[in-house]
Number of protein chains: 2
Amino acid sequence: MSNAPDQLFKTLADPTRRAIFERLCRNGEQTVGALTAHAGISQPAVSKHLAILKQAGLVHDRHEGRQTHYSAQVEALAPLIDWTSQMAGFWESRFDDLEDLLRRMDQ
Amino acid sequence: MSNAPDQLFKTLADPTRRAIFERLCRNGEQTVGALTAHAGISQPAVSKHLAILKQAGLVHDRHEGRQTHYSAQVEALAPLIDWTSQMAGFWESRFDDLEDLLRRMDQ
DNA sequence: TCAATCCATAACCGCTGAGTTATGGATATC
DNA sequence: GATATCCATAACTCAGCGGTTATGGATTGA
């Protein structure tokens, strides 16, 4: 089982899949048919992308008759933000260590 | 040529490559040999990962004799932060009346 | 100078994954 | 009930990518 940022990065690495997610973020809930109309690929391909996005928690599906409505779950991006700020934090703390070292050397 | 977030996502999607980047963030500048010692893969594989990280602007290399020192460039993560906050922003603004109207007109 | 070390590149290989077409189940429409 | 539509899954293909070994250039040390 992969950790959260790993799955998020892999899921969002594909441009087509990211475009679908972006569209759901911009325009809100969409049916598979509407998404397929703009994706430039076949309907099964879109369904597969949606399944992967759902697996990553990035989208939510709602069944209504024979259509399925998908919507973005932006909260799922949280581990990505965490990872990024953690990396920046490591870098910053190293900088702080250097600053601290230089300050002590100065005395 | 792919846009910035696309290259970042693809580069960071590989766990081995991301581990190398994380190590550089945590521990600062490292030689290829030091990175290879912890990566669990061959030295050429590490060099290839570093080349891809460099291509994405995520690392910087410094040649010193026969060794090459690599260091993380956390600033390169900026487009990732931008993209994430943009997605969150779209999600927020979907409750705006004008955007909602435009969305329904588009369908 | 000769040998050893460090790293990058080349050439190759197996697997993953994104796309396709085919199909079927479920729902809507006639 | 018959037909059409929406979507998901199955089966398959093919390119790209991450790994390997082989090799060589550059630098260091004996």
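In what follows, chains carry the letters A, B, and so on, assigned in the order in which the sequence lines appear, proteins first and then strands, with residues in each chain numbered from 1. Source: prediction; values computed, not measured.
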query: Any side-chain N or O of Thr16(B) under 4.0 Å from OP1/OP2 of dG19(D)?
result: yes

- prompt: Is any side-chain N or O of Ser42(A) closer than 4.0 Å to OP1 or OP2 of dT20(C)?
  reply: yes

task: Applying side chain to side chain contact (heavy atoms under 4.5 Å, CB included) between His69(B) and each of Gln30(B), His60(B), Glu64(B), report the one that passes.
output: Glu64(B)

- prompt: Counting side-chain heavy atoms from C-beta on, which of dA8(D), dC7(C), dA22(D) comes nearest to Ser47(B)?
  reply: dC7(C)

query: Given that Arg66(A) and Asp14(A) both sit by DNA chain C, which one's nearest nucleotide is further toward the 5' end?
result: Asp14(A)

query: Are any of Tyr70(A)'s side-chain N or O atoms less than 4.0 Å away from OP1 or OP2 of dC6(D)?
result: no

- request: Round to the nearest Å and state the distance from Ile20(B) atom CD1 to dG18(D) atom P.
  value: 11 Å

field: Base of dG19(D) paired with side chain of Lys48(B) (donor-acceptor, under 3.5 Å)
entry: yes

query: Within this structure, what is the CD-to-P distance between Gln67(B) and dT5(C), rounded to whole angstrom?
result: 14 Å

field: Value in whole Å for how far the P atom of dT16(C) lies from NZ of Lys10(A)
entry: 11 Å

Atom-to-atom span, NE2 of His63(A) to P of dG25(C) - whole angstrom: 17 Å

Heavy-atom donor-acceptor pair, Arg17(A) side chain to Thr11(A) backbone, under 3.5 Å: yes

- request: Grab the CD-P distance between Gln7(A) and dG17(C) for me, whole Å please.
  value: 12 Å

message: Just to be sure I understand the rule, does Gln43(A) reach a base, reach only the sugar-phosphate, or reach nothing, if contact means heavy atoms closer than 4.0 Å?
response: base

- request: Calculate the interatomic distance between Leu53(B) atom CG and dA8(C) atom C1'; express it in whole Å.
  value: 15 Å

- prompt: Between atom CD1 in Ile52(A) and atom P in dT9(D), what is the gap in whole Å?
  reply: 12 Å

- line: Taken to the nearest 0.5 Å, the spacing of His49(A) NE2 from Asp14(A) CG works out to 4.5 Å

message: Once rounded to the nearest 0.5 Å, what's the spacing between atom CD of Gln73(A) and atom CG of Asp61(A)?
response: 10.0 Å

Pairwise distance CD(Glu22(A)) to CE(Met87(B)) - rounded to 0.5 angstrom: 4.5 Å

- prompt: How long is the line joining CD1 of Ile41(B) and P of dA8(C), in whole Å?
  reply: 13 Å

field: Nearest to side-chain heavy atoms of Ala45(A), which nucleotide of dT20(C), dA8(D), dG18(D)
entry: dT20(C)

- prompt: OP1, OP2 of dG19(D) versus side-chain N and O of His49(B): anything below 4.0 Å?
  reply: yes

message: Does dA8(C) have its OP1 or OP2 closer than 4.0 Å to a side-chain nitrogen or oxygen of Thr68(B)?
response: yes

message: So Thr31(A), base contact, sugar-phosphate only, or nothing? Heavy-atom distance under 4.0 Å.
response: sugar-phosphate

